[in-house]
Amino acid sequence: MPQPNVLFVFPDQHRGEWLGSRVDNPGVRTPNLDALAARGTAFTNALTPSPLCSPARACLAHGRRYDAQPVKHNQHDVDVSLPNLYRAMRDASYDVLGCGKFDLLKGAMDWGLDGQHGDALRRLGFTGGIDSAGKHDCLIAANRGLPEPYAHFLSEAGLFELHARDFAERHPPIRCYTNITPSPLPDDAYCDNWIGARALDLLKAVPAGKPWFMQINFAGPHEPLDVTEAMLHLYDHVDFPLPVNNHRIEPDSHQAMRRNYAAMIENIDAWVGKLVAAVAARGEQDNTLIVYASDHGDELGDNDQWHKCLPTHGSIHVPLIIAGPGVHAGHVTTPVDLVDLHATLVDLTGAERVAAGAGSGESLSHALRGGELGWAARSSGLGGWRTWFDGRYKYVHNHHGGLTARDVVPASFDTSVNAPALLFDLG
């Protein structure tokens with residue numbers, strides 16, 4: 001079998017159970033992802049190795065879990081000199097392409113108008129594509145006079161000031177959720193639609209006859225909940241389960257927020273359909289692995305918490321679906337993580353393994369052929385806490401319920417037996 005192409009869709013902050021194919025789906029519609037899950041393998045207990053953008057994406061890139069790689073928070077950039085997935089793919093003769101918010105080099109905020117970070121994107125291993133800032137960083141960079149591709153696109157279209165005024169009304173920490181008014185941007189200028197269009201352009205330009213790897217990093221469904229006018233009413237008649245143990249916001253407001261969150265996911269799902277169709281139009285559907293995952297989830301108001309960063313399942317549970325040539329149709333309940341996904345992509349493409357030993361992942365290829373995985377649990381961690389999950393029981397070390405996302409990131413991990421500890425039965 002020739003080296004397979006890889007289409008990897010990797011949005012930001014997609015909570016794990018918000019998929020139409022899951023039995024615990026709260027009500028979101030994802031027909032294209034459901035179709036992938038039906039013909040591929042869905043990992044129902046997939047975790048992020050760290051529930052924050054840059055650490056999670058660095059763990060995936062380096063193939064190492066949180067404590068075995070250097071990116072500990074969003075102000076750390078990956079070290080382009082270290083071995084990583086993308087350079088391994090390039091060295092295995094792949095065209096390595098990407099677009100959207102990579103969040104591998106966000107600390108320096110040096111995207112440039114071309115999204116290349118000078119020569120850093122090339123040094124990471126990418127042969128083409130464009131890295132853009134996330135929703136908030138786009139505005140932060142502009143306020144500092146730093147060039148960035150999406151802000152430049154909006155400026156060229158005469159839309160940047162309109163977008164900036166809108167986001168000024170969605171300032172963190174809570175208005176980025178509670179402000180559910182639609183974005184004033186037209187649909188084709190909305191960030192995820194701009195990213196999706198860039199992905200289609202990249203795919204059209206890929207030369208035939210050479211294997212390619214493409215990672216599409218949608219900015220949604222990360223807050224703020226800035227859906228377009230066309231997306232606003234997609235879930236008008238859907239009542240979602242309310243957050244667990246939230247006492248600060250009225251139920252109607254929670255429904256409105258969750259409807260916007262679902263609309264962003266449905267919009268990304270529509271782009272998945274367009275991308276799969278574009279692969280088919282190239283005649284490459286029989287030799288293309290399609291992967292869908294996310295860097296972390298979202299608390300969405302559970303226990304009066306928002307954003308991510310916590311050891312709760314809202315933060316650490318992510319979707320993971322793999323479909324394509326030779327992939328068994330089924331569900332896997334054994335916990336896996338994004339570091340295992342790194343090992344899987346290296347394994348299936350014939351790239352040289354860049355991580356081994358303690359802190360590295362294991363290939364999921366045996367499960368993709370219908371076999372069982374040979375481990376029981378996976379871990380996640382950030383700042384001061386670590387957690388281990390075996391599919392039913394979850395142990396959390398050095399964390400107590402009163403801590404917020406802002407508390408945990410700068411904290412140090414206490415390995416002592418006297419540190420706070422929690423055990424949950426999620427069966």
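Throughout, numbering of the chain's residues begins at 1 and tracks the sequence.
Tyr66 carries Lys72 over the face of its six-membered ring, with the cationic atom under 6.0 Å from the centre and within 45° of the normal. For the pair Arg29 and Tyr235, the cation sits on the ring face: its NZ or CZ lies under 6.0 Å from the ring centre, inside 45° of the axis. Both cation-pi conditions hold for Arg386 and Phe413: the charged atom is under 6.0 angstrom from the six-membered ring centre and inside a 45 degree cone around its axis.
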Evaluation steps, ring pair (Phe, Tyr, Trp, His ring centres under 6.0 Å), between His317 and Phe389: CA-CA 10 Å; His317 184 208; Phe389 179 58; 8.0 Å; no
Residues Lys210, Asp95; criterion salt bridge (charged side-chain N to carboxylate O under 4.0 Å, His left out); working and verdict: CA-CA 7 Å; Lys210 184 179 182 183; Asp95 271 338; 3.4 Å; yes
Ring pair (Phe, Tyr, Trp, His ring centres under 6.0 Å) between Trp194 and Phe218, intermediate numbers included: CA-CA 9 Å; Trp194 178 82; Phe218 286 105; over 10 Å; no
Intermediate values then yes/no, salt bridge (charged side-chain N to carboxylate O under 4.0 Å, His left out), Asp337 and Arg65: CA-CA 9 Å; Asp337 65 11; Arg65 298 193 170 90; 2.7 Å; yes
Residues Lys101, Asp12; criterion salt bridge (charged side-chain N to carboxylate O under 4.0 Å, His left out); working and verdict: CA-CA 9 Å; Lys101 58 162 293 186; Asp12 192 351; 2.4 Å; yes
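Within a 6.0 Å radius of NE2 in His171, no more than 12 heavy atoms belonging to other residues, nucleotides or ligands are found.
Residue Arg378 is tested with Thr48, Asp340, Asn45 for a side chain to side chain donor-acceptor pair (under 3.5 Å); the sole match is Asp340. When each of Thr41, Thr344, Leu348 is paired with Leu364, the side-chain contact (heavy atoms from CB on, under 4.5 Å) condition holds for Thr344 and for no other.
Using cut-offs of 30° and 60° for the angle between ring planes, the His117 and Trp111 rings count as tilted.
In this structure, Tyr261 contributes its side chain and Glu223 its backbone to no donor-acceptor pair below 3.5 Å. No donor-acceptor pair closer than 3.5 Å links the side chain of Asp166 to the backbone N or O of Ser183. Tyr150 places a side-chain N or O within donor-acceptor distance of the main-chain N or O of Cys191, the cut-off being under 3.5 Å.
The closest side-chain donor-acceptor pair between Thr30 and Asp269, if any, does not fall under 3.5 angstrom.
Taking each heavy atom of Ile290 and Val276 in turn, the nearest pair found is CD1-CG2, 3.7 Å.
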